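These figures come from a predicted structure and were not determined experimentally. Remember, it's 1-based here, ligands and their atoms both numbered in the order they're listed.
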Amino acid sequence: MEGTAQSSIPLGDVLNSRRRRTFVGRRVERELVRAGLESADPQLSVLFLHGPGGIGKTTLLGEFAEIAAETGASVARLDGRDIPPSPSAVLAALGEAVDVPDTGAIARAEERLCLLIDTYEVLTPIDEWVRTQLLPRLPATALTVIAARTPPSSEWRSDAAWSELLRVVSLRNLTPQESREFLRAVAVPPPLHERICRATHGHPLALALLADVASRGGEVSADPLTPDLMAELMQRFIAVVPSPAHRRALEVCALARVTTEALLRDALGLEDAHEMFVWLRQLSFVDPGPDGLAPHDMARDVIDADLRWRDLDAYTDVFHRVCRHIRHSLLSCTGREQQRAIFDLKFVFRNLPGVLSPVE
Ligand SMILES: Nc1ncnc2c1ncn2[C@@H]1O[C@H](COP(=O)(O)OP(=O)(O)OP(=O)(O)O)[C@@H](O)[C@H]1O
Ligand SMILES: [Mg+2]
């Protein structure tokens with residue numbers, strides 16, 4: 001969420017991250033949002049973006065946040081990953097992001113609001129409430145962008161009230177030209193561009209990951225193509241990490257919901273984890289968020305499965321160290337921090353039944 005006080009990463013770092021410098025394409029969508037926010041009589045209230053994992057929805061929302069700030073709008077950014085799917089949780093998260101006055105209307109009418117809701121597919125249980133209760137409470141000039149892996153439910157399209165004000169956009173892979181532009185921006189040597197474009201078909205996450213592999217001297221060709229390209233690319237990345245300690249840091253990051261310097265320090269037994277944190281933060285598949293670093297889901301799954309398969313004892317050890325750190329926060333904080341620690345603990349346990357014994 002923009003402007004969250006508890007941020008463990010300076011906002012400037014987030015805004016200046018390399019994603020901004022390496023962003024390519026999506027011209028139509030960016031113009032749509034800019035025009036919507038600059039128009040005195042906006043014809044667009046909701047832009048619904050959908051597309052598979054790694055296609056670039058979150059990255060594009062980041063661009064929209066920048067555009068909205070440039071137009072002077074106030075930006076509220078919510079992510080379904082961080083909010084339980086209930087109206088009260090969404091309202092609480094929104095209340096932190098924007099001013100909610102006593103009248104019950106969200107944000108003052110004279111203030112242009114740009115509401116960005118990411119990972120909406122996990123908020124499906126409250127889809128009807130969002131459509132019929134939440135969004136109608138926003139000022140008429142507000143622009144909401146929803147990003148989900150799945151298209152909007154049929155009710156969005158069949159509701160006559162929405163038909164004029166809703167645009168649905170399916171995000172696709174980057175074009176070969178955009179893909180090359182990206183590879184130039186991340187300084188991949190031109191002789192490798194053709195092979196990387198062919199291997200990834202312009203899928204942004206695969207492209208970014210293979211660019212990382214290339215910059216570390218790893219193998220970039222992908223012939224024949226495997227059915228699970230992401231898993232294959234992630235394995236290649238794991239093969240070229242600089243040291244066993246870096247691999248361990250990657251594993252901590254894959255297990256925990258979010259990774260902070262303090263977690264890395266505890267989990268890796270380091271006195272100073274700053275360098276390791278900086279290394280993690282610059283990886284193409286790791287996102288810096290307000291609570292800490294989080295790897296992309298697809299990367300998380302592969303790293304997690306790799307460690308479990310390779311060495312269950314090491315996996316158990318990382319798991320216990322991460323849990324100990326979270327339990328310590330749970331006992332030493334209150335209020336919202338404590339809620340977050342509970343959320344973190346549930347996350348760590350989410351796919352463990354039958355694999356490990358409970359934390360000691
Ligand atoms: N337009 C873009 N320009 C440059 N790189 C991009 C672009 N879009 C995506 N990427 C790269 O692809 C990665 C994955 O994109 P992103 O996290 O936005 O996908 P997503 O659609 O939100 O996936 P998920 O559904 O799993 O959340 C980004 O971390 C970034 O490295
Ligand atoms: Mg995303």
With nothing but distance in play, are any N or O atoms of [X] less than 3.5 Å from an N or O of ligand 1?
X      : value
Arg26  : no
Leu174 : no
Asp118 : no
Ala208 : no
Gly56  : yes

* Asked: Aromatic ring centroids of Phe182 and Phe23 under 6.0 Å?
  ->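 No, the ring centres sit 6.0 Å or more apart.
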For [X], counting its heavy atoms only, list the atoms of ligand 1 lying under 4.0 Å from any of them.
X      : result
Arg149 : 24 (P), 25 (O), 26 (O)
Ser284 : 29 (O), 31 (O)
Leu205 : 12 (O), 13 (C), 14 (C)
Thr59  : 7 (C), 8 (N), 9 (C), 10 (N), 15 (O), 16 (P), 18 (O), 28 (C), 30 (C)

Min heavy-atom dist [X] to ligand 1 below 4.0 Å:
X      : value
Gly25  : no
Gly51  : no
Asp297 : no

* So which of Lys57, Glu121, Arg81, His203 gets nearest to atom 27 (O) of ligand 1, if we judge by its closest heavy atom? ->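 The residue whose heavy atom sits nearest atom 27 (O) of ligand 1 is Arg81.
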* To do: Pick whichever of Gly53, Ala148, Pro204 has a heavy atom sitting closest to atom 9 (C) of ligand 1.
  =>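 Looking at heavy atoms only, the winner is Pro204.
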Short question: side chain of [X], backbone of [Y] - any donor-acceptor pair under 3.5 Å?
X      : Y      : value
Ser329 : His325 : yes
Lys57  : Gly51  : yes
Glu261 : Ala273 : no
Arg112 : Ala73  : no
His203 : Ala206 : yes
Gln282 : Trp279 : yes
Arg180 : His193 : no

Hey, is [X] touching ligand 1 through its side chain, its backbone, both or neither, going by heavy atoms under 4.0 Å?
X      : result
Glu178 : neither
Phe182 : side chain
Thr22  : backbone
Ile55  : both

* Asked: Are Phe237 and Val252 grouped together when hydrophobic residues (ILVMFWY) are joined by side-chain heavy atoms under 4.5 angstrom apart?
  ->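 Linked within one cluster.
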* To do: Apply the test salt bridge (Lys or Arg N to Asp or Glu O under 4.0 Å) to residues Arg300 and Asp304: give CA-CA distance (whole Å), side-chain angles for both, the deciding distance (0.1 Å), then the verdict.
  => CA-CA 6 Å; Arg300 194 193 275 288; Asp304 196 73; over 6 Å; no
* Under the 6.0 Å and 45° cation-pi test, does Arg350 pair with Phe347? ->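 The answer is yes; both the distance and angle limits are met.
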* Is there an N/O/S atom in Thr59 that lies less than 2.8 Å from the Mg ion (ligand 2)? ->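 No - counting backbone and side chain alike, Thr59 has no N, O or S atom under 2.8 Å.
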* Donor-acceptor side-chain pairing of Ser153 and Glu155 below 3.5 angstrom ->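 A pair is found: one side chain offers a donor N or O, the other an acceptor, under 3.5 Å apart.
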